[in-house]
Amino acid sequence: MENLTQYIAFDLEFNTVDEVSHLIQLSAVKMDQHEEVDRFDTYVYTDVPLQSFINGLTGITADKIARAPKVDTVLADFKEFVGDYPLIGYNSQKSDLPILAENGLDLNGQYQVDLYDQAFERRSTDLNGISNLKLTNVASFLGIKGKGHNSLEDARMTARVYETFLELDDNKQYLNQQEEVASNNPFAGLGGFFD
């Protein structure tokens with residue numbers, strides 16, 4: 001997995017009506033040296049009626065959407081916030097990036113790490129055979145708390161999962177180095193005899 005010291009973790013919520021997905025919340029956290037240094041969080045106006053299922057899932061109300069900035073303004077502000085930072089997400093290649101692209105903001109070139117793919121690869125090792133790879137389940141397994149289906153919370157959980165995977169990789173690398181040192185030293189096994 002690529003080790004990024006500066007990146008943006010992002011997420012969005014959407015309302016699908018007649019097979020068209022309408023952006024209703026867009027959030028991101030900017031990370032620098034493993035710390036959150038800035039955030040982006042806004043609801044997005046749409047005149048499409050909010051599905052009651054989406055309201056129940058996300059807690060986003062029609063009132064919040066009615067007072068929000070329009071999608072063009074939100075995407076221009078988000079593009080400025082992102083700048084040339086690399087992006088990470090959780091299963092964003094399947095929904096988030098296509099929805100942004102459909103609305104005129106193509107960030108595929110900046111997308112560096114998909115944490116869903118990482119979770120899938122680590123399922124039998126770091127995640128101890130976890131069966132459900134939803135972001136909230138993976139985060140909970142790793143001891144990370146957060147509320148799902150709020151794009152700011154999901155962006156923060158994504159960043160924390162990424163940071164935890166980086167720590168696990170660092171630990172594995174350290175252990176491998178120690179094993180190499182021990183295997184290259186013919187006297188390594190005798191250490192206890194000279195105490």
Side-chain angles (χ1 to χ4, degrees), residues 1-2 4 6-32 36-120 133-139 146-163:
M1 182 175 75
E2 192 167 348
L4 303 169
Q6 293 182 318
Y7 63 90
I8 289 172
F10 80 104
D11 188 71
L12 56 84
E13 300 298 332
F14 55 92
N15 178 38
T16 302
V17 178
D18 296 329
E19 299 182 24
V20 177
S21 297
H22 303 272
L23 187 60
I24 57 173
Q25 185 184 17
L26 178 58
S27 307
V29 290
K30 189 175 284 185
M31 303 291 289
D32 190 355
E36 182 180 326
V37 295
D38 202 358
R39 72 183 183 122
F40 181 94
D41 183 37
T42 184
Y43 296 111
V44 184
Y45 173 81
T46 177
D47 56 6
V48 175
L50 195 61
Q51 301 286 340
S52 58
F53 166 75
I54 298 297
N55 169 253
L57 188 67
T58 65
I60 298 172
T61 61
D63 186 47
K64 289 176 182 172
I65 300 302
R67 293 177 298 166
K70 292 191 174 176
V71 69
D72 293 346
T73 302
V74 169
L75 293 181
D77 291 348
F78 186 61
K79 183 176 182 180
E80 187 176 325
F81 177 82
V82 169
D84 58 1
Y85 270 66
L87 293 170
I88 71 167
Y90 199 90
N91 213 15
S92 296
Q93 289 173 314
K94 290 206 171 129
S95 61
D96 298 359
L97 288 171
I99 290 170
L100 291 176
E102 285 166 16
N103 285 281
L105 182 58
D106 184 353
L107 295 172
N108 283 293
Q110 287 174 251
Y111 196 63
Q112 299 293 311
V113 179
D114 194 303
L115 271 294
Y116 177 84
D117 295 342
Q118 285 296 315
F120 187 83
L133 291 176
K134 281 189 350 188
L135 174 60
T136 49
N137 289 3
V138 171
K147 176 183 169 279
H149 299 293
N150 171 293
S151 61
L152 183 58
E153 288 277 325
D154 285 344
R156 283 192 171 126
M157 273 192 283
T158 298
R160 290 183 192 126
V161 167
Y162 179 68
E163 294 293 332

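Computed from a predicted model, the values in this text were never measured in an experiment.
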Evaluate the side chain to side chain contact (heavy atoms under 4.5 Å, CB included) criterion for residues Y45 and V71: first the C-alpha distance (whole Å), next the side-chain angles of each, then the deciding distance (0.1 Å), finally the verdict. CA-CA 6 Å; Y45 173 81; V71 69; over 6 Å; no
Can you confirm whether [X] sits close enough to [Y] that some side-chain heavy atom of one is under 4.5 Å from a side-chain heavy atom of the other?
X: Y43; Y: D41; result: no
X: V20; Y: T16; result: no
X: M1; Y: Y162; result: yes
X: K79; Y: V82; result: no
X: M31; Y: V37; result: no
X: D38; Y: V29; result: no
X: T58; Y: N15; result: no
X: I88; Y: I8; result: no

Find the distance between [atom1] ([X]) and [atom2] ([Y]) and round it off to the nearest 0.5 Å.
X: Y90; Y: D114; atom1: OH; atom2: CG; result: 8.5 Å
X: T46; Y: I24; atom1: OG1; atom2: CD1; result: 9.0 Å
X: T42; Y: L12; atom1: OG1; atom2: CG; result: 12.5 Å
X: F10; Y: Y111; atom1: CZ; atom2: OH; result: 6.0 Å
X: S52; Y: L57; atom1: OG; atom2: CG; result: 11.0 Å
X: E13; Y: H22; atom1: CD; atom2: NE2; result: 15.5 Å

Determine yes or no for a side-chain-to-main-chain donor-acceptor pair under 3.5 angstrom, with [X] supplying the side chain and [Y] the backbone.
X: N103; Y: I99; value: yes
X: S27; Y: L152; value: yes
X: N55; Y: I60; value: yes
X: Q112; Y: L4; value: no
X: D106; Y: A101; value: no
X: E153; Y: K147; value: yes

For T73, side chain to side chain donor-acceptor pair (under 3.5 Å) partners two or more places apart: none
Which pair of heavy atoms, one from V17 and one from P49, lies closest together, and at what distance? CG2-O, 3.9 Å
Closest heavy-atom pair and its distance - L50, T61: CD2-C, 3.7 Å
Looking just at side-chain N and O atoms, do Q25 and D11 make a donor-acceptor pair shorter than 3.5 Å? no
Tell me the salt bridge (charged side-chain N to carboxylate O under 4.0 Å, His left out) pairs involving residues 54-74, sequence neighbours left out?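 Passing the test, one end in residues 54-74: D63-R67.
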Apply side chain to side chain contact (heavy atoms under 4.5 Å, CB included) to residues I65 and V44 and explain how you reach the verdict. CA-CA 6 Å; I65 300 302; V44 184; 5.9 Å; no
Assess whether a salt bridge exists between K30 and E36, defined as any Lys/Arg side-chain N lying under 4.0 Å from an Asp/Glu carboxylate O. no
Is E80 atom CD crowded by more than 12 heavy atoms from other residues, nucleotides or ligands, each under 6.0 Å away? no
Please list all pairs meeting ring pair (Phe, Tyr, Trp, His ring centres under 6.0 Å) that have one or both residues in residues 54-83, counting only residues at least two apart or in different chains.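 Qualifying pairs, neighbours excluded: F40-F78, F40-F81.
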